[in-house]
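The structure appears below as structure tokens.
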Amino acid sequence: MSDYGDASTPVAESSATAQLATQGKNEFRDDVIMMVDDEPLMLGVLEVYLQEQGYRHFVAVNDSTQAVETILRERPDCVFLDLNMPEVDGFEILERIRATPEIQHLAAIVLTSDTDPETKLKALELGATDFLEKPIDSSELVLRLRNTLRAKAYQDQLTYYDGLTRLPNRTLFLERLDACVSHAKQRHTDLALVMVSIDRFQAVNDSLGPMAGDEVMKNIAGRLRQVVNDAGANAHKSQDYGDRVVARMGGDEFAILLPDRMSKSEVVELAEEIREEIRKPFTFRGEQVFLTASIGMARYPHDAGEPGRLLKCAGAARELAKKNGGNCLEQYSNEITARADARRALESELHSAIKYEQLALYYQPQIDTGTGKMIGMEALVRWLHPSRGVVLPDQFIPLAEENDLIIEIDSWVLGEACRKTRAMQSAGFRDLNISVNVSARQFSNSEFAWAVADACTRAGLAPRFLTLELTESLVMENKEAAAKMLRQLKDIGVSVSIDDFGTGYSSLAYLKRFPIDELKIDRSFIIEIPGNNDDAAIVKAVVAMARSLELKVVAEGTETRAQYEFLKSNDCHAVQGHVISQALPEREFIAFAMKNLGPGRRTAAASPARPAAAVSGALDAGTYQRRESATALDTHSGYTREEHKE
């Protein structure tokens, strides 16, 4: 039995109806209104009346047993729910709605002729949004529906839209993606997903401040929306293009869902338009900001048959675009997934590398060109993978830099280098010096100088035996902060080397300004000497300049005897490279050092008469131990944590 009252007068007339007909008309015309009642006549009458108010989309259900299933499928914006129905009444339907996560927040207006408090209280307890008593007043119906939809719209704005750009957020986008893929399956059509990431957007916040970042982000959103809307207007004029969605997925990432019947070439053309639009300058308070975008695209069902997989494929293509330098479009292929899966597997295994002591230091000797004897070594990290074998840094350090693993690896390398060097000194290799590369994450940490001092202290290594290698770009990125940090490091007593010299700013002014001890000429200048006159001239000039500034010069990447002789004849202090030796594991390095250390730098304990295995075994057996308590440093240190904080 219907609960609408007298079938001859389903909706009571009101003088306010005419005024309400235009007030807010079409405000929610695209919202889907669902009506659940066991009387088809009442459903029809209510639908006709709401059509007069501008509503266009209706779902009518007269079988209450199908109500929840229909709600899950159609996802209405509001449901009118009759309480008094056979088989399954409105109370039970309301209870099931609130117990189903996908629809638990659905706005539900209950219709009842019962005015007793118990009925209303029960409906409220079950989550009713509003009431309409019968016979229903038409103006009240319009107002209650309008207010309900407005409240829903406000809640949706908070829940489903990005507060800054007003674009759909990740939550809403994923719901739309599920729905569009479902519809595409039913119609046997295709669709495309485009993922957009703004390259180096953080630089805007860093240089101009967060207000500029917010303003530029809103402008980016506006440009994306405009490009996508224009593409739809200029395309096939088909209703299939109505599902187009531009969403902000978080941070500097956006997603664009393109409906069926767009060809691959059309999607590529749209993506290229987006890329070009982002390249146009943005302006904030007279300052021009130039940005680029990394874009990835994938198609259903060609690349993936499920929403989650489609999202993964488009994301993998976008990540490849970023790794290729940005400002480009990549289309998904199976090869991309294979590489991404391998990368994720390697990253997962990297988390265990330190825990299970799979990292090791290799050592590349440095030879004094004057004496031909070894004067030091550079520590280079290797991953001794249980199944992959020796993994080189260029394969896993970029992975570590993408997350906080690089911090732990940096700390381990610094500490291990100090401990191993001190252990070798104790085993007989006196005055052995070690060089350690410094990452950007380390150098930008205000506690880095303290960490260096602590590593030396724990190992019992005099700081004068440690050289820290920094790249030109690292030092020049923030000159004031770099100068302060370098002074702190010099106060400890360590040496500072500029690695890859000549590839960065190529400015000589900072050599006077910063407390630097050594220059390492980049291998790119060594490869073609002595045959390449330009490179030969550069190397000669660098060596002469460094000597005039009383700086030590090391030529890394020395591969041939001719290169070695050229560097020696031009007074380069030291060389490092395969012409001398590749990077060696500890035992092989000890064997090399026993033969090549200069006079007075090796004691009887490390003499050639004693096998390298014996020296290495002595280190493993206990000569080398991690020192957990502070050990006095030599008189050159004089460095405390309190001084560093000042």
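Numbers for residues simply follow the sequence, beginning at 1.
- A donor-acceptor pair under 3.5 Å is formed between the side chain of D199 and the backbone N or O of N327.
- Summarising the geometry of V245 relative to F173, their closest heavy-atom pair is CG1-CD1, 3.9 Å, with the distance given to 0.1 Å.
- Residues passing the salt bridge (Lys or Arg N to Asp or Glu O under 4.0 Å) test with R200: none are found, sequence neighbours excluded.
- Judged purely by atom type and a 3.5 angstrom limit, S411 has no side-chain atom pairing as donor or acceptor with the backbone of I407.
- Looking at L121 and T119, their side chains never come closer than 4.5 Å, going by heavy atoms from C-beta outward.
- What you find for L167 and A221 is that their closest heavy atoms are CD1-CB, 3.6 Å.
- With sequence neighbours excluded, the residues forming a side-chain contact (heavy atoms from CB on, under 4.5 Å) with R144 are D130, L132, E140, listed by chain and number.
- Residues V381 and F396 are in side-chain contact: their nearest non-hydrogen atoms beyond the backbone lie under 4.5 Å apart.
- The closest donor-acceptor contact from the side chain of S182 to the backbone of D178 lies at 3.5 Å or more, if one exists at all.
- Partners of R388 under the salt bridge (Lys or Arg N to Asp or Glu O under 4.0 Å) rule, at least two apart in sequence or in another chain, are E349.
- Residues P101 and A99 come closest through the heavy atom pair CD-O, 3.6 Å.
- Atom CD of E95 sits in a sparse spot, with 12 or fewer heavy atoms from other residues, nucleotides or ligands closer than 6.0 Å.
- Side chain to side chain, E330 and N324 meet the donor-acceptor criterion of an N or O pair below 3.5 Å.
- Distance check, rounded to the nearest 0.5 Å: NE2 of H105 to CD1 of I97 gives 13.0 Å.
- Under the rule for a salt bridge (Lys or Arg N to Asp or Glu O under 4.0 Å), E357 has no partner lying at least two apart in sequence or in another chain.
- Residues that satisfy the side chain to side chain donor-acceptor pair (under 3.5 Å) test with Q155, not counting sequence neighbours, are T159.
- Side-chain atoms of S64 come within 3.5 Å of backbone atoms of V88 as a donor-acceptor pair (strictly under, hydrogens ignored).
- Taking the side chain as every heavy atom from C-beta outward, N62 and D37 never approach each other to under 4.5 Å.
- Between I220 and F201, the closest side-chain pair of non-hydrogen atoms falls below 4.5 Å.
- Remark: M85 CE to D63 CG distance equals 9.5 Å, nearest 0.5 Å.
- Taking the charged nitrogens against the carboxylate oxygens, E125 and K120 have no contact shorter than 4.0 Å, which rules out a salt bridge.
- The side-chain heavy atoms of L164 and M217, taken from C-beta on, include a pair separated by under 4.5 Å.
- When atom types are taken as modelled, the side chain of E92 and the backbone of D89 share no donor-acceptor pair closer than 3.5 angstrom.
- For D410, the side chain to side chain donor-acceptor pair (under 3.5 Å) partners are S439, not counting sequence neighbours.
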Practice task
Would you check, one step at a time, whether the test salt bridge (charged side-chain N to carboxylate O under 4.0 Å, His left out) holds for E269 with K264?
Solution key: CA-CA 9 Å; E269 183 180 354; K264 178 180 178 181; over 6 Å; no
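- Separating the CD atom in E253 from the OG atom in S197 is a distance of 5.0 Å, to the nearest 0.5 Å.
- With sequence neighbours excluded, no residue forms a side chain to side chain donor-acceptor pair (under 3.5 Å) with K312.
- The side chain to side chain donor-acceptor pair (under 3.5 Å) check on R225 picks up nothing, with sequence neighbours excluded.
- By the side-chain contact (heavy atoms from CB on, under 4.5 Å) test, E118 pairs with D116, sequence neighbours left out.
- Between D77 and K152 there is a salt bridge, since at least one side-chain N of the basic residue sits less than 4.0 Å from a carboxylate O of the acidic one.
- A donor-acceptor pair is defined here as one N or O able to donate and one able to accept, closer than 3.5 Å; such a pair exists between the side chain of T129 and the backbone of A108.
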Handout entry: Residue pair V36, F80: steps toward the side chain to side chain contact (heavy atoms under 4.5 Å, CB included) verdict
Key = CA-CA 6 Å; V36 182; F80 285 102; over 6 Å; no
Exercise for the section: Evaluate the criterion side chain to side chain contact (heavy atoms under 4.5 Å, CB included) for residue pair V48 and E52; output intermediate values, then yes/no. Expected result: CA-CA 7 Å; V48 168; E52 294 177 355; 4.3 Å; yes
Side-chain atoms of residues 277-285: list all donor-acceptor pairs with protein atoms under 3.5 Å, sequence neighbours left out, distances to 0.1 Å.
from	atom 1	to	atom 2	distance (Å)
E277	OE1	K280	NZ	3.2

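- Summarising the local packing, CZ of R96 is surrounded by 12 or fewer heavy atoms from other residues, nucleotides or ligands at distances under 6.0 Å.
- Under the 4.5 Å side-chain criterion, counting only non-hydrogen atoms from C-beta, R244 is in contact with L258.
- Taking every heavy atom of both residues into account, Y300 and A184 meet most closely at CE2-CB, 3.6 Å.
- A distance-only check finds a donor-acceptor pair linking the side chain of N169 to the backbone of L172 [under 3.5 Å].
- Nearest heavy-atom pair, R309 versus A304, reported as atom, atom and distance to 0.1 Å: CG-CB, 3.3 Å.
- Remark: side-chain polar atoms of R98 are paired, donor with acceptor, to backbone N or O of G127 under 3.5 angstrom.
- A heavy-atom distance below 4.5 Å is not found between the side chains of L83 and L111.
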Problem - Criterion side chain to side chain contact (heavy atoms under 4.5 Å, CB included) on V228 and D230, from CA distance to verdict - result: CA-CA 5 Å; V228 173; D230 288 348; over 6 Å; no
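- Using a 4.5 Å heavy-atom threshold, the side chains of I109 and V79 count as separate.
- Between the CG atom in L149 and the OH atom in Y55 there is a gap of 5.0 Å [rounded to 0.5 Å].
- Judged as a side-chain contact (heavy atoms from CB on, under 4.5 Å), and not counting sequence neighbours, the contacts of Y356 are S352, Q358.
- Put simply, CD on E306 and CG on L311 are 13.0 Å apart, with the number rounded to the nearest 0.5 Å.
- More than 12 heavy-atom neighbours from other residues, nucleotides or ligands sit within 6.0 angstrom of CZ on F290.
- Distance check: M195 CE to M297 CE gives 13.5 Å after rounding to the nearest 0.5 Å.
- In this structure R275 satisfies the salt bridge (Lys or Arg N to Asp or Glu O under 4.0 Å) test together with E272, sequence neighbours excluded.
- Heavy atoms from other residues, nucleotides or ligands lying under 6.0 Å from CD of E408 number 12 at most.
- Shortest non-hydrogen contact noted between C78 and T148 is SG-CG2, 4.1 Å.
- In this structure, T100 contributes its side chain and E102 its backbone to no donor-acceptor pair below 3.5 Å.
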Handout entry: Worked check of side chain to side chain contact (heavy atoms under 4.5 Å, CB included) between I256 and I274
Key = CA-CA 11 Å; I256 300 168; I274 290 172; 3.2 Å; yes
